[in-house]
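Input: a single structure, listed below in structure tokens.
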Amino acid sequence: MAEIPGALPFGFTFDPATTALIVIDMQRDFVEEGGFGAALGNDVTVLQAIVPTTARLIAAARAAGLPVIHTRECHLPDLSDCPPAKHSRGKPSLRIGDPGPMGRILIAGEPGAEIVADLAPVAGEIVIDKPGKGAFHATPLSGELARLGIRSLIFAGVTTEVCVQTTMREANDRGFECLLVEDATESYFPAFKAAALEMIRAQGAIVGWTATCDQLQEALGV
Ligand code: C5J
């Protein structure tokens, strides 16, 4: 067993043999200029700042033998998996499916839907394309985790209060022990990130734990 004594709200114990890392939606569409995040009026440089730490986290997971699972929020080219309630929300300058500088916004197979180069999956790693905010909704993620015998999940990615928190809550309800790496997740809104971290670890880890990348690396010995 491994332990992160300094995790919040209290020490987190996990078995690396049954633990996976899930990196949520580190896609060009959210992190780079010209994508969905920027079309919604957000400053994407805030998200770019976590790329080096997330790369270190992924390298540590690989070195420790943890499966690394990547997710991408994206839709089928005919938008049949994008409900009108999602497509019509907000006032982005480019809607889902519209042509943009990195191809059609949030469409599977387009350059913008790809994971940023520094965090690209390596051969054999699972990549889950998801039409929703949560990675369990309408995806094969549950089956993949069962196949791997996973019981604990380490989370990273963007955005903290939307797709990361939604997926953590889905995982928590399914019985997984969840920990979010706080310096490998980010929001366009600093106050939302801070609030999400508080919510996750409130009431005795009601959703899960938080810790830093350094603390996780120390626990894994890598
Ligand atoms: C959003 C995400 N924020 N990956 N997606 O629309 O958090």
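These numbers come from the heavy atoms of this one structure, side chains and all, not from hydrogens, waters or symmetry mates. Just follow the structure's listing: the first ligand is 1, and inside any ligand the first atom is 1. What you see is a predicted model, and the numbers here were worked out from it, not measured in a lab.
- A salt bridge does not link Arg72 to Asp29: none of the charged nitrogens lies less than 4.0 Å from a carboxylate oxygen.
- We find that Lys193 and Glu186 are joined by a salt bridge, their nearest charged nitrogen and carboxylate oxygen being less than 4.0 Å apart.
- Note on Met102 and Val44: separate hydrophobic clusters, where clusters join Ile, Leu, Val, Met, Phe, Trp and Tyr whose side-chain heavy atoms are under 4.5 Å apart, directly or indirectly.
- The Asp25 neighbourhood of ligand 1 comprises atoms 2 (C), 4 (N), with distances under 4.0 Å to a heavy atom of that residue.
- Counting only heavy atoms of the protein, atom 3 (N) of ligand 1 lies nearest to Thr159 OG1, 3.5 Å.
- The protein non-hydrogen atom at the shortest distance from atom 5 (N) of ligand 1 is Glu73 OE1, 2.9 Å.
- Residue Val158 has at least one heavy-atom neighbour below 4.0 Å for each of these atoms of ligand 1: 2 (C), 4 (N), 7 (O).
- The shortest N/O to N/O separation between Val162 and ligand 1 does not fall below 3.5 Å.
- The contact set between ligand 1 and Phe30, taken as ligand atoms under 4.0 Å from a residue heavy atom, comprises 1 (C), 4 (N), 5 (N), 6 (O).
- In terms of N/O distances under 3.5 Å, ligand 1 is not approached by Lys130.
- Looking at Ile107 and Cys82, their side chains never come closer than 4.5 Å, going by heavy atoms from C-beta outward.
- A donor atom on one side chain and an acceptor atom on the other are found under 3.5 Å apart for His70 and Glu125.
- Ionic pairing of Asp214 and Arg56 is present here: one or more N-O contacts between side-chain nitrogen and carboxylate oxygen are shorter than 4.0 angstrom.
- Of all protein heavy atoms, the one closest to atom 6 (O) of ligand 1 is Lys133 NZ, 3.0 Å.
- Using cut-offs of 30° and 60° on the angle between ring planes, the pair Phe136 and Phe176 is tilted.
- Remark: minimum distance from atom 2 (C) of ligand 1 to any protein heavy atom is reached at Cys163 SG, 2.8 Å.
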